[in-house]
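Since we're looking at a predicted model, the values are computed, not measured. Position 1 is the first residue of the sequence; numbering continues from there.
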Amino acid sequence: MRSALREVLHGSLPREVGVEVKEIRPGRGRPELVYARAELVAHKESLKATLIGREGGTIREIGKRARELLEERVGKPFYLDLTVVVDPKRSPTNRWFKVRDSSEAWLCPAFKHPHLVSVRESRIRGNARVAAFVELEHVTVHGGTMISNFSSIRRSVLHKRVSVSSHCEIERSELGPVTFVGDGAEIRWCKIEERCFVGMNARLSRCEIGRWSVVGAGSHISDSRVPERSLVVGNGIVDRLDVYTLVVGKRLKLELNGSEIWSGRSEKYYVCYLPEDNRITVRPEPTERVLCEVRKVGGKWEVRGKGFVRTVRGSSLHWYVGHERGLLG
């Protein structure tokens, strides 16, 4: 009966909501009645408010629909006691799911369209995001990873916050955290370390790519070891890179290749590129090449750059500067 209750409630809820059955017993004074108490586990307060609805209308409708289905299936009257709790640790978004075939994809909230994917023997974190028409076979997908339409991934590991664009093919490879793969890229028998960028239509075979490296669009490399912080264009390494990172928190920090070179607590700064010195710096006043403006708004930092405005806390931006080619992008 517990499994029937879980199945019925799951069918009425978003897949990122967990169901935990706490108690099932005969009703007190009414042995023909079944009393069931369950918790609906959400990972954030806004989802809890959505489940409860205005004046509790949504949760009452969920309970009514589930009770009718249960009574039809079991043949006994039911009383459902539903409670909504917020607990990210118990939420499906923070769990691992073993998906043996496509019929089990609906159990995992990572799949946006579970009926439009092909999955075999894969481990997927609930807070990943997998789009439609994706093929996964013997793949481990960690949290925060995003896989776009029409990509095929086999016998590979995708670590935290990897982004795979559409029409990519990845086979027997390991992609490190915060790695980006552009549209149409092919990666086979490769190990790519953290925070790398692989451009669209790149072809990588039997390679090791060091962290913070950039592989340009359309590049073709095989049987190579690319050192960290390298720029690859065409068929080989063309430049060494310096990586500048702006860390946004209670104070601003500018890091160069992981080491802090500047920090400040004022209300407003400009991140500038100095072409004559081929470096990035932070200044209270703008110079000829401003990359972004950062100022404090309501206790948070607002970042304004070319074509974007963000209000962030605890986040970071980064830029690549080549030793020979200067600022990239």
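Between Tyr273 and Tyr244 there is no side-chain heavy-atom pair separated by less than 4.5 Å. Counting only heavy atoms from C-beta outward, the side chains of Leu51 and Thr58 never approach each other to under 4.5 Å. Side-chain contact between Phe97 and Pro109: present, with at least one pair of heavy atoms (C-beta onward) separated by less than 4.5 Å. With contacts defined as side-chain heavy-atom distances shorter than 4.5 Å, the pair Val178/Arg161 qualifies. By the 4.5 Å heavy-atom criterion applied to side chains, Val271 and Thr281 are not counted as neighbours. Looking at Leu231 and Val233, their side chains come closer than 4.5 Å, going by heavy atoms from C-beta outward. Using a 4.5 Å heavy-atom threshold, the side chains of Val238 and Arg325 count as touching. Residues Thr311 and Val303 have side chains not in contact (no heavy-atom distance under 4.5 Å, counting atoms from C-beta outward).
The number of heavy-atom neighbours closer than 6.0 Å to CD of Glu55, taken from other residues, nucleotides and ligands shown, is 12 or below. Crowding of Arg225 atom CZ: a count of heavy atoms from other residues, nucleotides or ligands under 6.0 Å exceeding 12. Around atom NZ of Lys296, more than 12 heavy atoms belonging to other residues, nucleotides or ligands sit under 6.0 Å away. More than 12 heavy-atom neighbours from other residues, nucleotides or ligands sit within 6.0 angstrom of CD on Glu23. A 6.0 Å sphere centred on CZ of Arg25 holds more than 12 heavy atoms belonging to other residues, nucleotides or ligands. Atom CZ of Arg120 has 12 or fewer neighbouring heavy atoms from other residues, nucleotides or ligands inside a 6.0 Å radius.
Electrostatic pairing of Arg154 and Glu135 counts as a salt bridge here, judged by a charged N lying under 4.0 Å from a carboxylate O. Under a 4.0 Å N-O distance rule, the pair Arg211/Glu193 does not qualify as a salt bridge. By the 4.0 Å N-to-carboxylate-O rule, Glu208 lies too far from Lys191 to be salt-bridged with it. The pair Glu104-Lys98 does not count as a salt bridge, with every side-chain nitrogen at least 4.0 angstrom from each carboxylate oxygen. A salt bridge is defined here as a Lys NZ or Arg NE, NH1 or NH2 lying under 4.0 Å from an Asp or Glu carboxylate O, and Glu293 with Arg304 fails to meet this definition. With salt bridges taken as basic N to acidic carboxylate O contacts below 4.0 Å, none links Glu71 and Arg73. One finds a salt bridge joining Glu169 and Arg188 here, because a Lys/Arg side-chain nitrogen approaches an Asp/Glu carboxylate oxygen to under 4.0 Å. Using a 4.0 Å cut-off between charged side-chain N and carboxylate O, Arg295 and Glu267 make no salt bridge. A salt bridge is absent between Lys300 and Glu302; no separation between the charged side-chain nitrogens and carboxylate oxygens falls under 4.0 Å. A salt bridge links Arg279 with Asp277; the closest basic N to acidic carboxylate O contact falls under 4.0 Å.
Each of Asp242, Val243, Thr245 was evaluated against Leu256; a single residue qualifies, Asp242, per the side chain to side chain contact (heavy atoms under 4.5 Å, CB included) test.
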Test log, rule side chain to side chain contact (heavy atoms under 4.5 Å, CB included), inputs Trp319 and Leu291: CA-CA 9 Å; Trp319 297 268; Leu291 301 178; 3.8 Å; yes

Run the side chain to side chain contact (heavy atoms under 4.5 Å, CB included) test on Phe133 and Ser118 for me, step by step, so that the C-alpha distance in whole Å, both residues' side-chain angles and the decisive distance to 0.1 Å come before the verdict. CA-CA 7 Å; Phe133 309 111; Ser118 174; over 6 Å; no

Side chain to side chain contact (heavy atoms under 4.5 Å, CB included) between Ile59 and Leu40, intermediate numbers included: CA-CA 10 Å; Ile59 192 68; Leu40 310 184; 3.5 Å; yes

Is there a salt bridge (Lys or Arg N to Asp or Glu O under 4.0 Å) between Arg100 and Glu121 once you walk through the steps? CA-CA 4 Å; Arg100 288 168 292 188; Glu121 300 297 336; 5.9 Å; no

Run the salt bridge (Lys or Arg N to Asp or Glu O under 4.0 Å) check on Arg283 and Glu285 step by step: do they pass? CA-CA 5 Å; Arg283 292 186 171 176; Glu285 298 296 332; over 6 Å; no

One pair to check against side chain to side chain contact (heavy atoms under 4.5 Å, CB included): Ile280 and Leu274. What are the steps and the verdict? CA-CA 6 Å; Ile280 291 175; Leu274 306 179; over 6 Å; no

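His318 has its ring centre less than 6.0 Å from the ring centre of Trp212. Taking the six-membered ring wherever Trp is involved, the centroid distance between the rings of His113 and Phe111 does not fall below 6.0 Å.
Shown here for Ala66 and Leu9, the closest heavy-atom pair between the two residues is CB-CD2, 3.7 Å. Nearest heavy atoms, Ala202 versus Gly216: CB-O, 4.1 Å. Annotation for Gly18 and Pro92: closest pair N-CD, 3.3 Å, computed over non-hydrogen atoms. Summarising the geometry of His142 relative to Arg125, their closest heavy-atom pair is C-CB, 3.8 Å, with the distance given to 0.1 Å. Looking at every heavy atom in both residues, Cys168 comes nearest to Val181 through SG-CG1, 3.9 Å.
A distance of 8.0 Å separates OG in Ser152 from CD in Glu137, rounded to the nearest 0.5 Å.
Checked by atom type, the side-chain pair Ser166/Asp183 shows a donor-acceptor distance below 3.5 Å. Side-chain contact annotation: Arg251 with Ser263, donor-acceptor N/O pair under 3.5 Å present.
A cation-pi geometry, defined here as NZ or CZ lying under 6.0 Å from the six-membered ring centre and within 45° of its normal, does not hold between Arg37 and Tyr35.
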